[in-house]
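What you are looking at is a predicted structure, and each value in this text was computed from that prediction instead of being measured. Proteins get letters first, then strands, A, B, ... in listed order; numbering begins at 1 in each.
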Amino acid sequence: MQHLLDGLNEQQREAVMHINGPLMIVAGAGSGKTKVLTTRIAYLLSKGVDAFNILALTFTNKAAAEMKERIEKMLGNNEARNLYIGTFHSVFARILRAEVHRIGYPSSFTIYDSDDSRSVLKTVINELNLDDKLYKPNVVHSRISQAKNALMSPAEYAMDHHIQQEDMRSNRPAIAQIYQGYVARCFKNGAMDFDDLLVKMHELLKNFPEVLHKFQHKFKYIMIDEYQDTNAVQYEITKLLAAAHENICVVGDDAQSIYSFRGATIENILQFQKDYDDVRVVKLEQNYRCTQSILKVANEVIKKNIGQIPKELWTENESGEKIKLVRTMTDNDEGRFVADIIQEQKLRNHYYNRDFAILYRTNAQSRSFEESLRRMGIAYKIYGGLSFYQRKEVKDFIAYLRVVANTRDEEALKRIINYPVRGIGKTTIDRAIVTANENNVTLWEVLERAQEAGFKAGTLESIKGFVYMIKSFQTMLQTHNAYDVAVLIGKNTTLVKELFNDKTVEGLARYENVQELLNSIKEWTESPSNAEGEVGEKTLGVYLQQITLLTDADNDKEDSDVVKLMTIHAAKGLEFPVVFVGGVEETIFPSGMSINTREELEEERRLFYVAVTRAKHRLWLTFANARYRFGNLVQNEPSRFLEEMPEEFVDRSYAGGGARNQGGMGAGVERMQRSFGSTTAQAEKMYGPPPSKKKDAAPARPSYMPAQPPASKVVEHKPSANFEPSDTSNLQVGQVVEHQKFGFGEVTKMEGSAHNPIATVVFKTNGEKKIMLNYAKLRIVQ
DNA sequence: TTTCATAGCGTTTTT
DNA sequence: CGCTATGAAA
């Protein structure tokens, strides 16, 4: 047993060994938090606690997988596979699978990602005949999400005076109505959004005493990582679960709370001591990650925040280099500078690509870094942005799987019903949806009984074919695994073939993405357990639920030697030898959206703290005088956070003398001012004027002259006197035809299906055109 | 019914 | 700037 505790400091050991009763670990950045958590679980197991009785909630699936691996190594057996470790969302998804039938959901419920949610909202907003200019899905969704995270039902939302006033003031009084419609629609679709995974879990525990009792009894020991980033639902759930044994251990750092925008409240960790009697508090204050300089800077900046748990982080590490502040002219220069330094540092200090991380406040900032790295031939990977599973072609394929697993899923159904094209167009779908709503059945049920709805013969055939196909996939699922069915789907829908035939660069990438998806299904099907160590359940539904909850980081292959680019939020919990933080400018960092209240600004500062403390050895902070935003050059002041850093640990020699060109700077100010400049005027001198906002800034022309017609001007053709459309059903390559507008031309290619033939015609006067024979009138000349 | 062009809009941050 | 949501032509 002793060896488990070896190498732990006094506080860490205390945290590990306190196993009964509530425990709060205040873990500063880089203080060995993960080590403590894993050791603590191993310690519990070694004391005879059954792995089945331990629940550990982490922030990412990757963290969960890592912890499990480390515990297995420590113990030398595979007991760890029986632990319940995962994110709130994935652990609850797993529990819901078994229990959610009680509230009318299928166990293979679909999990909607933000895109799906937005799409449902759009439908609801349209059906309520509301102005979609006013009710933007994004705005509405965040409103609903906030309500859910505060455990507020649609009815309660409608009754709440404060909320109603807010919605009135923003001229959106119908959000309550939309909320209600949205919830109803999700339920009808057998689908849950991210928030529902928490809300429905809470509902089950609250309304079904037998469920609550079962899980209270099961989870005798509960651990929650990143507790400072939990929200109200998560708080309520854990409180319910822990109520029986009160063996609850939360780990967090109030200084790193950066998720208030999704309902996280720092109060949860500040109030923990009041929630339970006899809370043991352990502070981990020794940092093992950063150099003195980095840590001093971080400490000093975060001190500007008021109302924290008092603590002073210290380290025995060497002092290291000063933090380097860098000013560049534009965002493109910033990118070039960082790429240059990476190149230089690789040579000078023998770093590998994988030792570098470039962090930024917003995803949009990745572009300039990406470009310069590519130009320099430095391998990199961008985390976040749109994930693999959000790409069009992947989502399309997955939509088939989703429908097969859950035909109630209307979003997925709408996506694939006419993809690839099978003659079920918008009119047909709209009509089917109306029928479904009128009869209060699902869209799928309408399709199943299409003959009763009175579609015309051709359409009915198409629908029948589609329904038959989906049903055959479902049948196959009973005897085959998810991978086999997926391959069959790819074949039968000609979806893979279609992508394969697209030989453009993007088409090739799309094809490869679908292949990769198939591989991932195969891998998943064949591996004995899933991300949470769940053995056995290898159904299609489970697969789909899991991938929706996956992030880029979860799929990360640690072995690849690439520079990592990500937002600071995504970098939480990670560390890198060398870190660059880009765009340290007012309106970006702190974000222009978050400078209106002290609370907002303090969260930005905590974010800055997180960014700085990701670095182990070297840290560069960069900012640009001006950067391109929506196509035009705008200038920003250096971030106010730069002024808050203690001078002695900061090297400003690349920074134009001082962050804000004011007070306290050395003699360098003027020199740097001259050589770097700081105004847009100078930026324009070097890079030309910003593109004009006006569309028509081009050559002046007298107002009486009409603007140039669009480039694709048609040379007028007067149809022959005897023009009469011919029967083109047998049109052949090589025939000469006349078109009413385009004139005479020769057919060079025939393509398209029998139902929708397309002829390519090269016209004498107008060049090559693609003509759809069903609609265009052609006279065959010879 | 499908495709292609363009107008308009967006950037916090994520499960 | 780059994407996507709509509408006119095919």
Side-chain angles (χ1 to χ4, degrees), chain A residues 58-61 86-93 111-114 117 122 132-133 136-138 142 145 149 192-198 226 229-231 233-234 258-264 359-367 383-387 392 418 421-429 458-459 462 548-554 566-572 583 587-595 600 603-604 606-607 610-611 628-633 690-691 695 710-712 714 739-742 752-753 755-759 761 769-778:
Chain A
T58 61
F59 202 70
T60 64
N61 290 302
T87 61
F88 276 90
H89 294 267
S90 61
V91 167
F92 293 168
I111 298 175
Y112 279 168
D113 66 18
S114 322
S117 298
K122 256 191 196 162
D132 57 2
K133 287 268 185 307
K136 295 208 182 85
N138 276 332
S142 93
S145 180
N149 285 318
M192 295 197 202
D193 65 16
F194 289 133
D195 302 320
D196 285 334
L197 294 173
L198 309 175
E226 309 282 12
D229 284 322
T230 52
N231 61 31
V233 213
Q234 292 168 323
I258 55 173
Y259 278 97
S260 72
F261 68 91
R262 71 178 205 211
L359 309 181
Y360 33 76
R361 179 72 233 284
T362 66
N363 281 305
Q365 286 167 255
S366 67
R367 169 167 277 132
Y383 293 79
L386 74 158
S387 90
K392 261 179 258 99
N418 200 31
V421 179
R422 54 170 69 85
I424 309 177
K426 195 177 180 307
T427 351
T428 310
I429 299 168
T459 316
S462 307
T548 314
L549 298 175
L550 241 40
T551 61
D552 278 2
D554 298 328
M566 65 187 90
T567 63
I568 299 159
H569 282 89
K572 179 176 159 107
T587 77
I588 293 183
F589 196 11
S591 159
M593 318 290 292
S594 305
I595 47 171
E600 285 173 351
E603 177 147 322
E604 294 289 310
R606 290 192 294 269
L607 196 55
V610 169
Y628 283 96
R629 203 179 194 204
F630 298 143
N632 28 354
L633 201 61
K695 277 183 204 162
S712 59
V714 173
H739 184 275
Q740 290 193 75
K741 248 208 217 133
F742 299 144
S753 63
H755 291 293
N756 185 33
I758 300 166
V761 182
K769 300 273 176 199
K770 291 201 178 225
I771 309 287
M772 297 175 90
L773 299 181
N774 284 354
Y775 300 96
K777 294 180 177 70
L778 289 179

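The side chain to side chain donor-acceptor pair (under 3.5 Å) check on A/Gln234 picks up nothing, with sequence neighbours excluded. Remark: A/Asn363 pairs with A/Tyr360, A/Thr567 by the side-chain contact (heavy atoms from CB on, under 4.5 Å) rule, at least two apart or across chains. Remark: A/Phe261 pairs with A/Tyr259, A/His569 by the ring pair (Phe, Tyr, Trp, His ring centres under 6.0 Å) rule, at least two apart or across chains. Remark: A/Ser462 engages A/Ile424 in a side-chain contact (heavy atoms from CB on, under 4.5 Å) (not counting sequence neighbours). Residues passing the side chain to side chain donor-acceptor pair (under 3.5 Å) test with A/Tyr112 are A/Asn189, A/Asp409, sequence neighbours excluded.
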Self-check item: Contact state string [nucleotides 10-15 of chain B, B base, S sugar-phosphate only, - no protein heavy atom under 4.0 Å]
Solution: BBBBBB
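Atom name C1', nucleotides B/dT11 and C/dT6: the rounded distance is 23 Å, in whole Å. Nucleotides B/dT12 and C/dA5 have their C1' atoms positioned 23 Å apart, rounded to a whole Å.
Relative to the side chain of A/Val421, the nucleotides C/dA5, C/dG2, B/dT2 differ in distance, and B/dT2 lies closest.
A/Asp195 and A/Ser145 share a side-chain donor-acceptor pair at under 3.5 Å.
One interatomic measurement links the two molecules: CD1 of A/Ile424 to C1' of B/dT2, which rounds to 15 Å at whole-angstrom precision. In this structure, A/Lys133 places its NZ atom 17 Å from P of C/dT4, rounding to the nearest Å.
At the heavy-atom level, A/Thr428 lies under 4.0 Å from the strands shown only through sugar-phosphate atoms.
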